[in-house]
Amino acid sequence: MKKRIFIPLSILLCIILSFMPYLTGCHCPAAKALPEEKKIIYLTFDDGPTDSTTPKVLDILFEKKVRATFFVIGRQIKTREKILQRIADGGHMIGIHSYSHEYDKIYASPDALLEDIGLCRDAIRKVLPAFDGHLYRFPGGSFLCKQYRETVLGAGFRYYDWNASADDAVYPCASPNELYGNVVRSSADKNQVILLMHDGVGYKSTIACLPNVIDYFLNKNYIFDVLQ
């Protein structure tokens with residue numbers, strides 16, 4: 001007769017909790033250690049800079065007096081140098097997202113990934129020579145390519161996913177109210193929120209809901225900060 005193996009509840013709970021960062025979609029291995037009682041919101045925008053969306057996002061951030069982190073696509077910087085400069089001048093943080101944002105090319109090998117990162121960093125440095133380029137966000141999130149996490153860390157980068165999202169890229173036809181609802185639901189009961197939004201082409205609902213999103217977190221007494 002086979003013996004049954006019983007796992008104590010306390011051990012089982014520890015195992016489950018150890019996997020929570022991956023279940024929530026947030027993996028921030030190099031984030032600053034912050035007291036749990038502090039309520040902090042990190043607004044993050046992917047896929048810019050663009051002519052149609054990024055300036056309007058910056059207008060709102062300026063009006064609301066809050067800062068955000070922009071993970072940019074390198075090939076989109078050409079002809080939009082002034083927009084990238086405006087991001088930096090506004091006190092926002094700039095991170096590397098990709099040069100091409102073409103998954104097949106980026107994730108073909110570790111060398112291909114690092115080449116893509118390097119091209120994006122070089123494109124940013126043509127406009128901002130002092131850019132140190134230590135922040136990175138995997139296209140699609142690091143949970144799509146767990147095998148490359150150590151590659152990125154070993155090259156000296158910090159990568160950040162997210163633990164809340166407007167789902168504006170998932171539902172491109174969603175209304176501003178629907179995106180706002182996604183933000184509220186996905187950030188509920190979290191003291192430290194890394195919120196994913198996009199400033200790519202055509203994100204009109206993102207622009208429309210952003211003031212309400214900011215007001216929501218201000219009314220909840222969150223501190224707005226940028227990723228480091």
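Only a predicted model underlies this, so the values are computations on that prediction, with no experimental measurement involved.
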Undergrad: Tell me the closest heavy-atom pair linking Phe71 and Ile96, and the distance in Å.
TA: CD2-O, 3.6 Å
Undergrad: May I ask you to check whether Asp89 and Gln85 show a side-chain donor-acceptor distance below 3.5 Å?
TA: yes
Undergrad: Any link between Val66 and Leu210 through a network of hydrophobic side chains (Ile, Leu, Val, Met, Phe, Trp, Tyr) touching at under 4.5 Å?
TA: yes
Undergrad: Return yes when atom CD of Glu150 has more than 12 non-hydrogen atoms of other residues, nucleotides or ligands closer than 6.0 Å, and no otherwise.
TA: no
Undergrad: Treating Glu178 as the side-chain partner and Ser175 as the backbone partner, does any N or O pair qualify as donor plus acceptor under 3.5 Å?
TA: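 Here the side-chain-to-backbone pair exists.
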Undergrad: So do the side chains of Leu196 and Asp46 get within less than 4.5 Å of each other, counting heavy atoms only?
TA: yes
Undergrad: Any chance you could measure Tyr222, atom OH, to Lys190, atom NZ, to the nearest 0.5 Å?
TA: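 Output value for this atom pair is 9.0 Å.
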Undergrad: Could you check whether Arg137 pairs with Asp161 (Lys NZ or Arg NE/NH1/NH2 to Asp/Glu carboxylate O, under 4.0 Å)?
TA: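 So Arg137 does not pair with Asp161 through a salt bridge.
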Undergrad: Rounded to the nearest 0.5 Å, what's the gap from CG on Leu113 to CD on Gln147? Could you check?
TA: 9.5 Å
Undergrad: For Leu61 and Ala68, which heavy atoms make the closest approach, and how far apart are they?
TA: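 Looking at all heavy atoms of both residues, the shortest contact is CD1-CB, 3.8 Å.
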Undergrad: Measure the shortest side-chain to side-chain distance between Asn191 and Ile40 over non-hydrogen atoms and say whether it is less than 4.5 angstrom.
TA: no
Undergrad: Hey, what do you get for OG (Ser109) to CD (Glu115), rounding to the nearest 0.5 Å?
TA: 8.5 Å
Undergrad: Are side-chain N/O atoms of Ser165 and Asp167 paired as donor and acceptor at under 3.5 Å?
TA: yes
Undergrad: Hey, does the side chain of Arg67 reach the backbone of Gly91 with a donor-acceptor pair shorter than 3.5 angstrom?
TA: yes
Undergrad: Do Glu81 and Arg86 sit within salt-bridge range, that is, some charged N less than 4.0 Å from a carboxylate O?
TA: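 Looking at Glu81 and Arg86, the cut-off is not met.
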Undergrad: Would you indicate whether the side-chain heavy atoms of Cys209 and Asn177 approach each other to under 4.5 Å?
TA: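 A side-chain contact is absent here, since even the closest heavy-atom pair is not under 4.5 Å.
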Undergrad: Would you confirm whether Asn163, through its side chain, and Gln192, through its main-chain N or O, come within 3.5 Å as a donor-acceptor pair?
TA: yes
Undergrad: Taking Thr50 for the side chain and Asp199 for the main chain, is one N or O donor matched with an acceptor at less than 3.5 Å?
TA: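 Yes.
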Undergrad: Say whether, by atom type as modelled, one donor and one acceptor occur between the side chain of Tyr107 and the main chain of Pro139 under 3.5 angstrom.
TA: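 A pair under 3.5 Å: yes.
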Undergrad: When clusters are formed by joining ILVMFWY residues with side-chain heavy atoms under 4.5 Å apart, either directly or through shared neighbours, do Leu144 and Ile117 land in the same one?
TA: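 Linked within one cluster.
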Undergrad: Looking at every heavy atom in both Phe224 and Leu43, which two are closest together, and how far apart are they?
TA: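 Looking at all heavy atoms of both residues, the shortest contact is CE2-CD1, 3.8 Å.
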Undergrad: If only atom types and distance count, is the side chain of Thr69 paired as donor or acceptor with the main-chain N or O of Leu227 below 3.5 Å?
TA: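 Between the backbone of Leu227 and the side chain of Thr69 there is a qualifying donor-acceptor contact (under 3.5 Å).
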Undergrad: Would you call the rings of Phe70 and His92 parallel, tilted or perpendicular, where under 30° means parallel and over 60° means perpendicular?
TA: perpendicular
Undergrad: Using only atom types and a distance under 3.5 Å, with no angle test, would you say the side chain of Asp168 pairs donor to acceptor with the backbone of His198?
TA: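 Answer holds: yes.
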Undergrad: In Å and rounded to the nearest 0.5 Å, what is the NZ to OG distance from Lys39 to Ser187?
TA: 10.0 Å
Undergrad: Could you tell me whether the side chain of His97 reaches within less than 4.5 Å of the side chain of Asp47, counting heavy atoms only?
TA: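 They are in contact (side-chain heavy atoms under 4.5 Å apart), so the answer is yes.
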Undergrad: Donor-acceptor check, side chain of Asn182 to backbone of Ala166, threshold 3.5 angstrom: yes or no?
TA: yes
Undergrad: Is Lys105 salt-bridged to Asp116, going by a charged N under 4.0 Å from an acidic O?
TA: no
Undergrad: Measuring from Gln76:CD to Cys120:SG, what's the distance to the nearest 0.5 Å?
TA: 10.0 Å
Undergrad: If you measure from CG on Leu128 to CG on Leu84, what distance do you get to the nearest 0.5 Å?
TA: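 Atom-to-atom, Leu128:CG and Leu84:CG are 4.5 Å apart.
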Undergrad: Write down the atom of Gly202, the atom of Ser52, and the distance for their closest heavy-atom approach.
TA: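 For Gly202 versus Ser52, the nearest heavy atoms are N-OG, 3.7 Å.
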Undergrad: Please work out whether the ring planes of His101 and Tyr103 are parallel, tilted or perpendicular, with thresholds of 30° and 60°.
TA: tilted
Undergrad: For residues His134 and Arg121, determine if any side-chain heavy atom of one lies less than 4.5 Å from a side-chain heavy atom of the other.
TA: no
Undergrad: Just list the side-chain donor-acceptor pairs under 3.5 Å for residues 213-221, sequence neighbours left out, or say none.
TA:
residue	atom	partner	partner atom	Å
Asp215	OD1	Lys64	NZ	2.9
Asp215	OD2	Lys64	NZ	3.1
Asn219	ND2	Asp215	O	3.1

Undergrad: With ring centroids as reference points, do Phe138 and Tyr136 lie under 6.0 angstrom apart?
TA: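 Yes, they do, as the ring centres are separated by less than 6.0 Å.
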Undergrad: Examine Ile73 and Ile77 and state if one hydrophobic cluster contains both, with Ile, Leu, Val, Met, Phe, Trp and Tyr joined whenever side-chain heavy atoms are less than 4.5 Å apart.
TA: no
Undergrad: Is Tyr99 reachable from Leu114 through a run of I, L, V, M, F, W or Y residues, each pair having side-chain heavy atoms under 4.5 Å apart?
TA: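 No; Tyr99 is not reachable from Leu114 via cluster members.
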Undergrad: Distance-only, no hydrogens or angles: does the Arg149 side chain make a donor-acceptor pair with backbone N or O of Cys145 under 3.5 Å?
TA: no
Undergrad: At their closest point, which heavy atom of Ile194 faces which heavy atom of Trp162, and how far apart are they?
TA: O-CB, 3.4 Å
Undergrad: Are any side-chain N or O atoms of Thr151 and backbone N or O atoms of Pro110, one a donor and one an acceptor, separated by less than 3.5 Å?
TA: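 No.
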Undergrad: Specify the closest pair of heavy atoms between Thr54 and Gly48, including all atoms of both residues, with the distance to one decimal.
TA: OG1-CA, 4.2 Å
